[in-house]
Amino acid sequence: MTRSNSKRIVCGLFMKNETDLEMLRHSTAHVMAAAVCRLYNDVHLDIGPSTDDGFYYDFDLTDRITPDDFHKIEKEMKAIVKEDLPFERLEVSRAEAESMLVGQKYKLERLADIPEGDVITFYQCGDFFDLCRGPHLESTGQIRAFQLLSVAGSYYRGKETNPMLQRINGTAFTNDKQLGLYLKQLEEAKKRDHRKLGTELDLFSIHNEVGPGLIHWHPKGARIRSIIEEFWRQEHFRNGYEILYTPHVGKANLWETSGHLNFYAEGMYAPMEIDKSDYYVRPMNCPFHINIYKSGLRSYRDLPLRWAELGTVYRYEKAGVLHGLLRVRGFTQDDAHIFCTPAQIENEVKEVIRFSNTIWKTFGFEKITAYLSTRPEKAVGEQDRWDQAIVSLKSALEAEGIPYEVDEGGGAFYGPKIDLKIKDAIGREWQMSTIQFDFNLPERFDLSYIGEDGEKHRPYMVHRALFGSIERFFGILVEHYGGAFPAWLAPEQVRVLPLSEDQLDAADDIAVQLRKEDIRVTVDHKSGKIGAKIRNAQMDKVPYMLVLGAKEIESGMLAVRDRTGAQEDMTLIDFIEKIKNAVQTKA
RNA sequence: GCCGGCGUAGCUCAGUGGUAGAGCAGCUGAUUUGUAAUCAGCUGGUCGGGGGUUCGACUCCCUCCGCCGGCUCCA
């Protein structure tokens, strides 16, 4: 099973008139390129399209552009905007185009890509012209609000073997207000960055001494994880799954049979020799589950088998791609394998989608969409199995009312799949769950079950993961909640804040009573003003604070403050009830 | 892996070819406080590792490691 890997996408919240905005951004990219050409020598242009959030332009030039140069470039861009240069469309012959692009090697290659017979157009503003399909604004004066954001290397045509160009990313909007909103959203995303919050809230860490991409879960992070896992386990039992535990290493032979050593070796770590056999740390769990399947004769009456495991796997990821919890080298998949008959397949797929849908709603992810990937050119498995699988995937999505796009031919060679994408609290989309058919492994491992006819049959096998990777899911969850975990997940649900030393004993006493009710509570024993204690609890994002002074002790009422700042007096009994309710409803 | 940037105390950051600084956190003491920062003192660093240049390197150079932004990759 492959791992979902989509990086965050800041969604186009501000795309009112999509095409207009695209044109504006594309035109702004041209203006940026024009500015760069004015400011630097020997600029080789590649392309400068609009993107979901802005635009970029790729250049090759001897000078290294750094963010310090942005001000200078933006200033020149503003000058070009002020000059109000018209964007003029020029239709030219191929020969003319070639002569216009002398010395521009990337552009010449791009020109060569344009099919014979197609119209070749240039867009010119001032003395800057660019091979471009357009369309563009009427003139540079129509550009209002833009900002350069970053500069980074980028392979020409995205190919590793090609030269590396410099890509300047920027964004543009129709007015300053929308630009401001967008920049604010970027800031908000930065504030929620799970790497930052992970340190601030003491959730996890990564250590040079251990190695990059290897996660250490601190008590608070581990507490949250254990709650998530417990929830996950409970839900799986409820939904007809059984849980497995399997080894973290296996012999070379196993990975040869599975095909991993053939197709996936670069993602696997070097073997270790034990008693003259090579053992590999596992990059996937499937072969182990398959061996359990094969440990006995299976009847059609035993199927479907739904086997899940929180299986920790290790995969080699290139150093440059590691990213906090989102891209790591050791992670735990919430993996499951479903073995079933052809008659059962449709219902099984439907159940997986329904199941994952309810799980997502629990975490407050309401918007779910899907990608359906179908048979690629090179594929294993009989055509009618592919057809049946795809039909079952489609009808499951339709039954659950999940909107989906079809990626024709985008499936893995071993089977079609569905990837589910969710939208987080600030509108970013993440690819999470994956449901993949596998026509390969049952063949390779010669899986069978005995049918009603007494004959051996090949079972269907489906891999599925809901969270994908617990680490990655946790990272996304931190950003989704901005670190303010709801009460059922919060590692510290209540903090008692004694007003003075006089209330320490009473505070400890309340904590004892809450702990008896399985409420996660601490007492702030420090001396200091109540304002400071509240501030600390707020910064730790504790859901409930109990301010305890003489008044409360006398009246027997608790002064409950939640982290939104709302205050309410209630009895201990009522407070316990309140928290238990919040935990139970997972509010 | 590639391009660029960066690496100074637990955290956020200042600093400079001449023996390392601040705020927060931590510790100690004072304070005993009513809804987002009480005061004071103290502790804390092989300035990412290694090598070089130099009378002298945190500072300049080389190299390795790691992080950040991208690209690429993710059967």
Side-chain angles (χ1 to χ4, degrees), chain A residues 1-7 56 58 60 63-69 149-169 190 193 195-196 199-202 205-213 255 258-268 283-284 286 315-324 327 329 376 378-380 411-415 431 436 438 440-441 468-469 497-504 526-541 545-552 559-568:
Chain A
M1 169 171 356
T2 57
R3 178 152 59 114
S4 60
N5 52 30
S6 70
K7 290 198 109 180
Y56 66 81
D58 285 350
D60 194 1
D63 287 292
R64 292 288 158 213
I65 292 172
T66 73
D68 294 339
D69 301 320
L149 297 172
S150 64
V151 55
S154 160
Y155 295 115
Y156 173 56
R157 290 178 190 272
K159 259 192 86 172
E160 217 168 349
T161 47
N162 281 343
M164 174 119 350
L165 310 177
Q166 298 186 66
R167 172 173 299 180
I168 303 179
N169 291 291
K190 222 173 175 180
D193 191 311
R195 293 166 298 184
K196 181 170 134 78
T199 305
E200 285 173 7
L201 300 175
D202 198 15
S205 58
I206 301 168
H207 302 268
N208 286 352
E209 294 77 0
V210 177
W255 305 108
S258 72
H260 287 105
L261 276 177
N262 257 333
F263 296 103
Y264 194 69
E266 72 284 359
M268 295 171 68
M284 295 186 193
C286 355
R315 298 180 182 178
Y316 173 73
E317 298 283 0
K318 287 178 182 173
V321 307
L322 299 173
H323 183 95
R327 196 69 185 271
R329 284 180 174 164
K378 280 180 102 180
V380 301
F413 73 86
Y414 51 81
Q431 189 187 308
Q436 299 187 217
D438 194 326
N440 185 42
L441 291 179
S469 136
L497 311 176
L499 202 63
S500 76
E501 249 172 19
D502 296 341
Q503 290 84 35
L504 275 179
K526 275 182 277 195
S527 82
K529 289 191 182 174
I530 195 68
K533 294 183 183 181
I534 286 171
R535 182 166 191 273
N536 287 333
Q538 287 286 151
M539 292 202 305
D540 289 342
K541 302 185 192 292
M545 287 154 252
L546 301 179
V547 175
L548 191 66
K551 208 163 69 184
E552 285 72 28
V560 179
R561 178 198 161 106
D562 71 26
R563 64 189 160 199
T564 68
Q567 292 172 45
E568 198 183 351

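First the proteins, then the strands, lettered A, B, ... as listed; each starts at 1.
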May I ask you to say what [X] touches in the nucleic acid, namely base, sugar-phosphate or nothing, with a heavy-atom cut-off under 4.0 Å?
X	answer
Ala550(A)	base
Lys378(A)	nothing
Gly158(A)	sugar-phosphate

Distance check needed: [N] [atom2] versus [X] [atom1], whole Å only.
X	N	atom1	atom2	value
Leu149(A)	C68(B)	CG	C1'	16 Å
Arg329(A)	G66(B)	CZ	C1'	11 Å
Met284(A)	C74(B)	CE	P	12 Å
Asn162(A)	C73(B)	CG	P	11 Å
Leu499(A)	U33(B)	CG	P	7 Å
Leu322(A)	G1(B)	CG	C1'	11 Å
Met268(A)	C73(B)	CE	C1'	17 Å
Tyr264(A)	C74(B)	OH	P	10 Å

Ring-plane angle category for Phe413(A) and Phe263(A), please: parallel below 30°, perpendicular beyond 60°, tilted otherwise. tilted
Answer yes or no: side-chain N or O of Arg195(A) and base N or O of C68(B) forming a donor-acceptor pair under 3.5 Å. no
Residues at least two apart in sequence or cross-chain that pass ring-ring contact (aromatic ring centres under 6.0 Å, His included) with Tyr316(A), listed by chain then number, are none
Can you list the residues that meet the ring-ring contact (aromatic ring centres under 6.0 Å, His included) rule with Tyr156(A), with sequence neighbours excluded? Tyr106(A)
Dump the pairs, protein N or O against N or O of nucleotides 9-14 of chain B, anything under 3.5 Å, distances to one decimal.
none

Does [X] have any side chain to side chain contact (heavy atoms under 4.5 Å, CB included) partners at least two apart in sequence or in another chain, and if so, which?
X	answer
Ala152(A)	none
Asp69(A)	Tyr40(A), Ile65(A), Thr66(A), Lys72(A), Ile73(A)
Ser154(A)	Asp58(A), Arg167(A)
Thr199(A)	none

Which residue lies toward the 5' end of RNA chain B, Arg167(A) or Lys318(A), if each is placed at its nearest nucleotide? Lys318(A)
Quick check on A75(B): is either OP1 or OP2 less than 4.0 Å from any side-chain nitrogen or oxygen of Arg315(A)? no
For G70(B), take OP1 and OP2 only and decide whether either is under 4.0 Å from a side-chain N or O of His323(A). no
Going 5' to 3' through nucleotides 35-51 of chain B, assign each nucleotide B (protein heavy atom under 4.0 Å from a base atom), S (under 4.0 Å only from sugar-phosphate atoms) or - (no protein heavy atom that close). BBBB-------------
Where along nucleotides 2-7 of chain B does protein come under 4.0 Å, by heavy atom, of base (B) or sugar-phosphate alone (S), with - for untouched nucleotides? BBS---
With the side chain counted from C-beta on, respond yes when Leu497(A) and Leu546(A) share a heavy-atom pair under 4.5 Å apart, and no when they do not. no
Mind checking whether Gln538(A) and Arg561(A) have side chains closer than 4.5 Å, heavy atoms only? yes
Under a 3.5 Å cutoff on both atom distances, Watson-Crick or G-U, what's the dot-bracket for RNA chain B ([ ] crossing, | other strand)? (((((((..((((....[..)))).(((((.......))))).....(((((..]....))))))))))))....
Residues forming a salt bridge (charged side-chain N to carboxylate O under 4.0 Å, His left out) with Asp540(A), sequence neighbours excluded: Arg495(A)
Identify, with sequence neighbours excluded, every residue that meets salt bridge (charged side-chain N to carboxylate O under 4.0 Å, His left out) alongside Glu568(A). Lys578(A)
